[in-house]
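Data first, discussion second: the structure below is written as structure tokens.
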Amino acid sequence: MKLTYSLAAATYLAFAAEAFAPPRLSTRGIAISNLGSAVSTVDEVASSIDALSDEVSEKKEVINIDDANKALPSSPGLDENHLFKCDDSVEYWRNFQRDGFQSAQENLLEISNVSRRFITSQDSDAVSYWAKHVGRSGYFLGNAALGTIASGLHERFVANNSNIEPPININSSSASRLLLEAFLCYEQDYKQISSGSYSQPWDMELNHRQSSPINVLTQTGRFVNEAIGTIARRNRQTQEDKDIWIDEASPSLYPEYYRNAFHYQSDGWMSTDSANVYETSTETLFLGRQDAMQRTSLAPLVEYSKTRKDKSKPLKVLEIACGTGRFMTFMRDNLPIDTECTAVDLSPFYLDKARDNDAYWRKTRRQADNLGKDDIKPLRLVQASAENLPFEEGSFDAVVCVYLYHELPREARARVSAEMSRVLKKDGLLVFTDSIQQGDRPSLDAFIGNFEKMNEPYYVDYTQDDLPTHFMKEGLKPMEKTVRSTTKSLTFRKSD
């Protein structure tokens with residue numbers, strides 16, 4: 001049977017993101033490659049959809065969400081809403097396909113509608129943003145295809161595993177919904193950009209190094225190699241596949257929960273190879289929408305930088321668990337140029353990657369603004385545990401934490417919350433961004449815990465945790481809440 005590009009890509013997505021998809025539905029596989037890198041005009045999208053309507057007659061698979069959620073223990077994502085000023089995105093995503101998941105054809109029609117809104121906006125910046133992000137999703141869709149094909153070939157011809165099924169039985173509804181969510185994230189992201197909440201992504205310029213053919217080929221090669229190992233380990237799920245090379249004799253530096261190969265990625269957080277492929281791997285998982293989801297953190301931070309009381313000194317910002325430092329570059333690009341930024345992570349390999357990303361951002365910004373070499377201070381990088389930050393009380397005006405808590409046990413979340421509050425100045429801002437929880441998107445509540453299968457041992461508990469309580473116990477006041485696809489941002493202020 002013929003294995004098409006789109007089938008392979010959608011199979012990888014359904015495999016890797018099954019946390020946000022129901023069990024496989026009885027839907028036929030359909031080609032979606034015209035919505036990836038091959039998309040050039042809205043008319044092509046519409047033509048593809050018209051062709052699909054002639055070939056496929058898919059019934060909408062209606063899942064009774066209320067019945068599926070009856071046994072769920074809590075809905076912290078809903079329960080917390082009365083504490084925050086929730087923007088329109090909270091209700092939008094809460095109701096997104098709440099009455100049943102749409103068919104692939106319906107999802108494709110919505111993708112076409114989003115594209116039309118961009119192209120007919122008479123805003124050249126909007127069209128440029130749309131084109132670049134369609135290409136972005138197309139690139140990561142291609143990575144998904146190549147990773148799936150390479151994994152299958154490796155299992156069959158290298159590992160001699162003849163039981164591997166050809167990846168053709170896919171849930172086209174889930175795959176197309178993931179693509180739709182990427183397009184909706186882009187639309188919400190650009191809405192905030194056009195309103196002045198934050199600037200266009202600095203890395204979208206064509207002369208950026210990530211757009212160079214050499215970098216594209218290098219990162220795709222790294223991802224394909226990583227996908228072969230990740231998928232194999234995910235299929236085996238042995239203890240050896242979950243452990244990393246760090247010896248358990250060093251718990252004072254690396255806690256037990258940290259010595260885990262999260263996502264079944266190579267070496268967990270503890271190698272240069274892991275750090276070099278991480279951004280490509282996670283963006284492939286999310287079809288390119290991860291940056292747009294993380295940028296929900298920017299609006300409150302930028303607003304705070306403009307309205308804070310004491311502007312006599314440079315703004316001091318701390319990011320906890322900075323990883324590769326990619327999001328830090330977006331923060332620095334949107335904050336005053338004299339902002340003093342500090343990034344903390346426990347992995348020296350990821351800190352080194354963050355150092356490289358920061359150096360490239362500073363070089364790019366100096367060239368764009370004709371600045372001198374010393375006009376932008378380097379990022380301060382600190383290897384430390386978020387549970388024991390090596391800073392004095394009240395050291396920072398703002399503290400940002402992105403995608404950390406779902407990988408911590410509950411008691412560690414409480415300790416990290418206390419530390420972030422301790423180092424935050426009075427009237428300071430805390431921006432917390434992480435995965436949605438039970439109650440944020442009822443249509444996913446019955447399935448969201450499946451992400452634990454990606455070697456995320458604390459994820460289910462995270463989805464049921466009362467997050468605001470961790471912060472409120474430490475004197476932080478809930479302020480605003482935003483949701484974008486499978487990510488939410490909560491902001492808090494420290495009492496005077």
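Every heavy atom of this structure was used, including side-chain atoms; hydrogens, water molecules and symmetry mates were not.
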What's the separation between atom [atom1] in [X] and atom [atom2] in [Y], rounded to the nearest 0.5 Å?
X: Tyr459; Y: Leu408; atom1: OH; atom2: CG; result: 14.0 Å
X: Gln290; Y: Phe140; atom1: CD; atom2: CZ; result: 9.0 Å
X: Asp345; Y: Asp352; atom1: CG; atom2: CG; result: 12.0 Å
X: Thr491; Y: Glu303; atom1: OG1; atom2: CD; result: 11.0 Å
X: Ser443; Y: Asp445; atom1: OG; atom2: CG; result: 7.5 Å

Do [X] and [Y] have side-chain heavy atoms sitting under 4.5 Å apart?
X: Trp361; Y: Asp358; answer: yes
X: Val317; Y: Phe396; answer: no
X: Pro457; Y: Phe262; answer: yes
X: Glu407; Y: Tyr258; answer: no
X: Glu110; Y: Phe183; answer: no
X: Asp375; Y: Ile337; answer: no
X: Leu335; Y: Leu301; answer: yes
X: Arg362; Y: Leu379; answer: no

Test of understanding: with salt bridge (Lys or Arg N to Asp or Glu O under 4.0 Å), list the residues that count as partners of [X], not counting sequence neighbours.
X: Lys377; result: Glu340
X: Asp369; result: Arg365
X: Arg366; result: none

Review point. Checking salt bridge (charged side-chain N to carboxylate O under 4.0 Å, His left out) for the pair Arg177/Glu181: CA distance, chi angles, key distance, verdict?
Key: CA-CA 6 Å; Arg177 177 171 54 79; Glu181 292 198 24; 3.1 Å; yes
Are the side chain of [X] and the backbone of [Y] linked by a donor-acceptor contact shorter than 3.5 Å?
X: Glu452; Y: Val460; result: no
X: Ser489; Y: Thr482; result: no
X: Ser271; Y: Asp267; result: no
X: Asn225; Y: Gly221; result: no
X: Ser305; Y: Val302; result: yes
X: Ser347; Y: Phe349; result: yes
X: Thr282; Y: Glu279; result: yes
X: Arg380; Y: Cys341; result: no
X: Thr220; Y: Val216; result: yes
X: Gln265; Y: Thr230; result: no

Going by atom types alone, do [X] and [Y] pair a side-chain donor with an acceptor below 3.5 Å?
X: Arg222; Y: Thr218; value: no
X: Tyr360; Y: Thr329; value: no
X: Thr339; Y: Arg332; value: no
X: Glu106; Y: Ser103; value: yes
X: Ser266; Y: Asp273; value: no
X: Asp241; Y: Thr238; value: yes

Look at [X] together with [Y] and state whether they make a salt bridge at an N to O cut-off of under 4.0 Å.
X: Arg209; Y: Asp203; answer: no
X: Glu283; Y: Arg136; answer: yes
X: Asp189; Y: Arg484; answer: yes
X: Asp434; Y: Lys488; answer: no

Review point. Between Asp87 and Lys481, does a side-chain contact (heavy atoms from CB on, under 4.5 Å) hold up when you go through it step by step?
Key: CA-CA 7 Å; Asp87 71 13; Lys481 177 177 178 177; over 6 Å; no
**Study point:** Asn107: side-chain hydrogen bond (donor to acceptor under 3.5 Å, both in side chains) partners, not counting sequence neighbours
**Key:**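 With neighbours one apart ignored, the set is Gln97, Gln102, Ser176.
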Exercise for review: Would you please name every residue forming a side-chain hydrogen bond (donor to acceptor under 3.5 Å, both in side chains) with Trp93, sequence neighbours left out?
Suggested key: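 side-chain hydrogen bond (donor to acceptor under 3.5 Å, both in side chains) check on Trp93 returns Gln188.
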Point to revise | Ring centres under 6.0 angstrom apart (Tyr278, Trp269) | key: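 Between Tyr278 and Trp269, the centre distance is under 6.0 Å.
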**Study point:** Validation row, ring centre Tyr462 to ring centre Tyr405 under 6.0 Å
**Key:** no
Exercise for review: Looking only at non-hydrogen atoms, find the nearest pair between Ser172 and Ala104 and report the distance.
Suggested key: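 Scanning both residues completely, I find the closest heavy atoms to be O-CB, 3.6 Å.
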What pairs with [X] under side chain to side chain contact (heavy atoms under 4.5 Å, CB included), at least two apart in sequence or on another chain?
X: Glu387; result: Pro255, Tyr257, Ser385, Ala412, Arg415, Val416
X: Gln239; result: Lys242, Asp243
X: Ala299; result: Gln192, Ser197, Tyr198
X: Ser121; result: Asp123, Ala126

Taking ring-ring contact (aromatic ring centres under 6.0 Å, His included) as the test, write out the residues that go with [X], two or more places apart.
X: His154; value: none
X: Tyr186; value: His133
X: Tyr458; value: none

Point to revise | His263 and Phe451 aromatic ring geometry - parallel, tilted or perpendicular at 30°/60° bounds | key: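 Judged by the thresholds at 30° and 60°, the geometry between Phe451 and His263 is tilted.
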Review point. Quick one: does NZ or CZ of Arg441 land under 6.0 Å from the six-membered ring centre of Phe96, within 45 degrees of the ring axis?
Key: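 Cation-pi check for Arg441 and Phe96: fails.
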Review point. Of Asp291, Thr433, Asn357, Val402, which is the lone residue that meets side chain to side chain contact (heavy atoms under 4.5 Å, CB included) with Phe327?
Key: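 So, applying the side chain to side chain contact (heavy atoms under 4.5 Å, CB included) to Phe327 and each of Asp291, Thr433, Asn357, Val402, only Val402 qualifies.
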Exercise for review: Decide side-chain hydrogen bond (donor to acceptor under 3.5 Å, both in side chains) for Thr487 and Tyr403; before the verdict, give the C-alpha distance in whole Å, the side-chain angles of both, and the deciding distance to 0.1 Å.
Suggested key: CA-CA 9 Å; Thr487 292; Tyr403 291 173; 2.6 Å; yes
